[in-house]
Chemist: 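What follows is a structure written as structure tokens; I'll ask about it next.
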Amino acid sequence: MSQNHLYLVDGSSYIFRAYHRLPPLTNKHGEPVGAVYGYTTMLWKLVDALDKADGPSHLAVILDKDSKSFRNEIYAEYKAHRPEPPEDLRPQFPMIRDATRAFSLPCIEEAGYEADDIIACYTKAAVAEGWKVTIVSSDKDLMQLIEEPSPSGGGGVDMLDTMKNVRMGREHVIEKFGVGPELVGDALALMGDSADNIPGVPGIGPKTATKLLVEYGDLESVLAAAPEMKKSAMRDRLIEHADMARLSRVLVELDCAVALPMPLDDMALDGIPEEPLRAFLDHHGFKSLLLKIGGPAASPNASNRDFAAAIAGDGNAPKPGEASKPVAVVREHQPIDRSQYETVTTEAALDAWIAEARHAGAVAIDTETDSLDCITGRLVGVSMATAPGKACYIPIGHGGNDLLSEKPEQLSLALVTAKLDKLLIDEAVRKIGHNLKYDMSVLAQHGLEFRNFDDTIVMSFALDGGAGGHGMDELAQRHLDHACIAFKHVCGTGAKQISFAEVDLGTATEYAAEDADVTYRLWQVFTARMAAEGGTRVYQMVDRPLVPVIAAMEQRGIMVDRAELSRLSQGFESEIARLETTIHEEAGAPFTIGSPKQLGEVLFDKMGLKGGRKGKSGVWSTDINELERLKKDGVPIAQKLVDWRQLSKLKSTYTDALQEQINAKTGRVHTSYSLTGAQTGRLSSTDPNLQNIPIRTEVGRQIRHAFVAAPSHVILAADYSQIELRLAAHMADVPELKAAFARGDDVHATTAMELFGEVNRDTRGRAKTINFAILYGISRWGLAARLEITPDEAQAMISKYFERFPGISNYISETLEFARAHRFTETLFGRKTHFPRIDASNQAERQGSERAAINAPIQGTSADIIKRAMARMGPALRAAGLDATRMLLQVHDELVFELPEAEVEAARPIIEHVMANAAEPAVTLSVPLGIEIGTGPSWGAAH
DNA sequence: GCGGGAGGC
DNA sequence: AGTAAGGCCTCCCGCC
């Protein structure tokens, strides 16, 4: 290491944040340890970065000693309004010291000084020696200490927020305070700090403080200039409270007078003795961390049976002699070595791998094809992994055919699929895949099916929904600290992209076997975490069973009437052309109507129309609200623009695009569903998206009529009626709404009666808008815009709603409280959605997270319910002897089937029963789930 | 690759 | 202090 790099951990502030962020875990002794766990994992991460770039060479933890500082002497109110720490946090303070000692790290605290002061002293001392310093904290007071490295790259002080995983330098300080670190103290003195009860100048917040400092230079200059400022409340306050500002400045100054209790050199980090750490982790039962120091990951030959034992907490003890060996660095993972991967080209080798998979009891599998399309994609090879680092690739379809290259020596498709078939249906062997839906569809072309499987993409979603993506490369980076070979590195991109079948076997083996290897390792990580964090319920009961169901729906596809789409396209085209001519005439010159920028300029600059809004990028808004407003003002071009927009959208997105999506092999359209695409647990649909086919306008609805049943079949569409509102009534416990649903009443009318005392078209419509606004996390402004009333009137309406339905109000506050304490929300079935930004300092961002957190349990529970219905639908239909009824599509609260006319009457009650009872037995709802079913020759006709 | 706009729930 | 202000998605287009 060329330069010493000191990490100073602000332990006290960390545990408060960890406490609020993590669920209230207890260890096996019944002690609350949530914050301790968070603290331990943070230390682990820091220490593990020892030999990495920007990692620590020296490290110390600084804690507040429970005593007062000089600040209390000069200002009695300092930190006086702080509430006592919560009951279950207090016993965790001493454990923080235990944890630090378990890592054999120095832990420093001094009577009469706050941790911030000690951190400042060490920072200055280390910088004086030319060291680099990282302060691990998120306390804004400490931002005063941030310094740029010298031009030669030496020294420098930055801050690391381990929870948000961001490193903050000077530019972050300027972003937050509008001034550099040297003026942070002055800014704090002006604006005050409610957390520490520092007064500042009343009426001056961060924005004004920044403005003043930028204008006048520093605090003293601001105070000196105050009498000359133009008369305002602010000027008077600056004069009146100048002394308070000066006192505040002293309070926020970091005190560097303390003598260093430990020399810098003693903080060197060169090894963590394993034993005290193991004892500590074992005492608290932090199994996932224990695994990392003695777990099977350390041994490349460990099978998953060892792994299972490790999770269970036995069989994990180190061998004698190894037990107390100091580890230079606590390694989270064995690095991935691709050199041992095997290319399987003989039957004997294939047999050996399949035998190994049976012996191990678990095998990761990945298929390679020549296309992303799993319906027509040709199988090119299969990779397998039976332990970390132990992986192979079985080429099948490389070279040959129309490709110029020679066909390499490889096993035949028939042989490999026959042998794989036995392994895949073997209930005793767990098959692991990443996005197994794809592999299931590819292998289904050859008649293969999977029994006993895990899908790591779905496991990741169940554990970390909302906390990042779930692609394999991203997960490998996050959990294994490993960069996967990029597909484009192997096959290229764009015009030069080649098929995987053209890749040479050496490269193909490295790439494909690595995918299986990484999948296997991810499975180990997730299996351990599922046990520890309890994410199994929703995974095992809802998401995993859905994987083969979705794969089958995608394979079936839906029939589309190409001639009908083409007819619609032509009709739209001539209407679009006609509108275009008139629009250009009325505008006085031709322009690109599809360009919002040009359109805005035509309407508001050239034609001089009034009342336009500009967005943040400076272009005139021309969205539907603006156009509707112009229509009301009697601008004739507005209606034509609305029509033009609608028809262009329908033509380009639906009638043209859908024709191209018709699969040449099946003659049907096969969407692709993502099980992990929506934070709340909903599915999403792409290529094409069949979850946004128009229905609301007559002209749009024509597109639904082009989705047709096969000859002598019909389409059956089954909808959950108002499912989210029903779930809100249940979850928020609103007796009036529950009763209305139980009676089968019109619930919007019920709401209208409660709010307005009478039911007519107008009040019912308003009530409906409010009901939906509640589901989405209400705001007076949003509601005001929707109802075309003032924000004050909207607020009055919301207040009345909360008064009439106090359950809703309680639900919202309880949900937000939970989300802030745990960083996630949960559905009735235990699906978590994470909200890492729920306490963002940016208000818009925070409020966005809050609205999402209010919506997620409701939308997510609805998603869980329809997924359960889908998983049960096939077996229920088969049990009733309905062998030809097929589920084709899911549109969030709707299922679309294709079935022979002869099965309709028998299928109808079964579908209704499965959907209506899908929550049971896991959850019993206090509202009925209403189902509406329609049938017809097309999807449009079935509604 | 981004942002505006618009289709669905 | 004053701002902007409904949740979850995907797709198309113009524009840089």
Side-chain angles (χ1 to χ4, degrees), chain A residues 191 202-211 233-234 466 591-600 613 615-627 641-642 645-654 656-658 661 671-674 677-697 700-701 703-704 719-720 722-724 728 769-786 791 794-795 798 833 842-860 862-863 866 889-894:
Chain A
M191 68 201 227
I204 293 188
K207 294 288 167 195
T208 314
T210 305
K211 209 180 77 197
M234 187 182 74
F591 67 100
T592 309
I593 303 172
S595 161
K597 185 163 171 277
Q598 290 187 34
L599 177 58
R613 306 176 282 127
K616 45 181 162 249
S617 53
V619 291
W620 293 104
S621 169
T622 63
D623 67 12
I624 189 71
N625 292 326
E626 280 305 307
L627 297 180
L641 289 167
V642 171
R645 281 244 175 97
Q646 185 191 16
L647 295 176
S648 307
K649 171 79 178 179
L650 295 178
K651 180 169 184 290
S652 65
T653 310
Y654 302 106
D656 287 353
L658 272 173
Q661 292 280 355
T671 184
S672 172
Y673 287 105
S674 168
Q679 315 272 343
T680 52
R682 273 191 180 176
L683 301 181
S684 68
S685 157
T686 56
D687 305 308
N689 180 355
L690 294 185
Q691 291 180 323
N692 71 341
I693 303 300
I695 191 165
R696 288 174 189 177
T697 63
R701 203 148 45 222
I703 294 164
R704 285 206 176 209
D719 281 45
Y720 281 105
Q722 318 243 41
I723 185 166
E724 292 193 6
T769 302
I770 300 171
N771 277 333
F772 279 105
I774 292 293
L775 302 179
Y776 297 149
I778 198 163
S779 84
R780 71 184 90 159
W781 297 276
L783 187 63
R786 276 283 166 131
Q795 182 56 56
I798 294 166
T833 301
N842 178 319
Q843 190 188 223
E845 194 180 7
R846 184 177 65 249
Q847 289 179 339
S849 281
E850 288 174 354
R851 289 189 295 268
I854 292 166
N855 177 252
I858 298 169
Q859 189 182 114
S862 161
I866 195 166
L889 304 178
Q890 187 250 46
V891 192
H892 307 310
D893 64 359
E894 172 185 11

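A, B, ... follow the sequence lines: proteins, then strands. Residue 1 opens every chain. We use all heavy atoms of the structure for the numbers below, so side chains are in, but hydrogens, waters and symmetry mates are not.
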Chemist: Is the closest basic N to carboxylate O distance between Arg645(A) and Glu626(A) below 4.0 Å?
Modeler: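 Result for this pair is no, no salt bridge flagged.
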Chemist: So which atom in Arg696(A) and which in Arg701(A) form the shortest heavy-atom distance, rounded to 0.1 Å?
Modeler: O-NH1, 4.0 Å
Chemist: Please state how far atom CG in Leu641(A) lies from atom C1' in dG5(B), giving the value in whole angstrom units.
Modeler: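 Result: 13 Å.
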Chemist: For Glu894(A) and Ile866(A), work out which heavy atoms get closest and say how close.
Modeler: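 Answer, listing the atom of Glu894(A) first, then Ile866(A): N-CD1, 3.7 Å.
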Chemist: Tell me the interatomic distance from Arg704(A), atom CZ, to dG8(B), atom P, rounded to whole angstroms.
Modeler: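 These atoms are roughly 8 Å apart.
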Chemist: Using a 4.0 Å heavy-atom cut-off, does Thr769(A) contact any base of the nucleic acid, only the sugar-phosphate backbone, or nothing at all?
Modeler: base
Chemist: Just how far, in rounded Å, is C1' of dG7(B) from CG of Leu650(A)?
Modeler: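 Value for this atom pair: 8 Å.
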Chemist: Considering only the P atoms, how many Å lie between dA4(C) and dG4(B), rounded to the nearest integer?
Modeler: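 Nearest-Å result for dA4(C) against dG4(B) at atom P: 14 Å.
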Chemist: Remember a base hit wins even if backbone is also touched, and classify Gln646(A) as base, sugar-phosphate or nothing at under 4.0 Å, heavy atoms.
Modeler: sugar-phosphate
Chemist: So do the side chains of Tyr776(A) and Ile858(A) get within less than 4.5 Å of each other, counting heavy atoms only?
Modeler: no
Chemist: Just by protein heavy atoms under 4.0 Å, how would nucleotides 7-14 of chain C read 5' to 3' in B, S and -?
Modeler: BBSSBSSS
Chemist: Atom CD of Gln843(A) to atom C1' of dA1(C): distance rounded to whole Å?
Modeler: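 Distance, rounded to whole Å: 11 Å.
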Chemist: Given atom CD1 of Ile858(A) and atom C1' of dC9(B), what is their separation to the nearest angstrom?
Modeler: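 After rounding, the gap between these two atoms is 14 Å.
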Chemist: Report which part of the nucleic acid Thr622(A) touches: base, sugar-phosphate, or nothing (heavy-atom distance under 4.0 Å, all strands).
Modeler: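 Sugar-phosphate contact only - Thr622(A) comes under 4.0 Å of backbone atoms but never of a base.
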Chemist: Closest heavy-atom contact between Gly677(A) and Ser684(A)?
Modeler: CA-OG, 3.7 Å
Chemist: What does Arg780(A) touch in the nucleic acid at a heavy-atom separation under 4.0 angstrom: a base, only the sugar-phosphate, or nothing?
Modeler: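 Arg780(A): no heavy atom of the nucleic acid under 4.0 Å.
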Chemist: Over how many whole Å does the gap from Leu889(A) atom CG to dG8(B) atom P extend?
Modeler: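 Checked: the CG to P distance equals 16 Å.
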Chemist: For Pro688(A) versus Leu658(A), what's the shortest heavy-atom pair and its separation?
Modeler: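 Looking at all heavy atoms of both residues, the closest pair is CG-CD2, 3.9 Å.
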Chemist: What's the gap between dG2(C) and dA6(B) when it is taken at their C1' atoms, as a whole Å value?
Modeler: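 Result for the C1' pair: 32 Å, nearest Å.
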Chemist: Say you pick atom C1' in dT3(C) and the same atom in dG7(B); how far apart are they, in whole Å?
Modeler: 31 Å
Chemist: Any donor and acceptor pair, going by atom type alone, linking the side chain of Tyr673(A) with main-chain N or O of Gln890(A) inside 3.5 Å?
Modeler: yes
Chemist: How would you label the contact of Ile774(A) with the nucleic acid (heavy atoms, under 4.0 Å): base, sugar-phosphate, or nothing?
Modeler: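 Nothing, no heavy atom under 4.0 Å.
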Chemist: How close or far is atom P of dA1(C) from atom CD1 of Ile204(A), stated in whole angstroms?
Modeler: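 Answer to the nearest Å: 9 Å.
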Chemist: For the pair made of CD1 in Ile693(A) and P in dG8(B), what is the distance, rounded to whole Å?
Modeler: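 Answer to the nearest Å: 10 Å.
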Chemist: Tell me what Leu683(A) touches on the nucleic acid: a base, only sugar-phosphate, or nothing, going by heavy atoms under 4.0 Å.
Modeler: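 The answer is nothing, as Leu683(A) stays clear of every strand by at least 4.0 Å.
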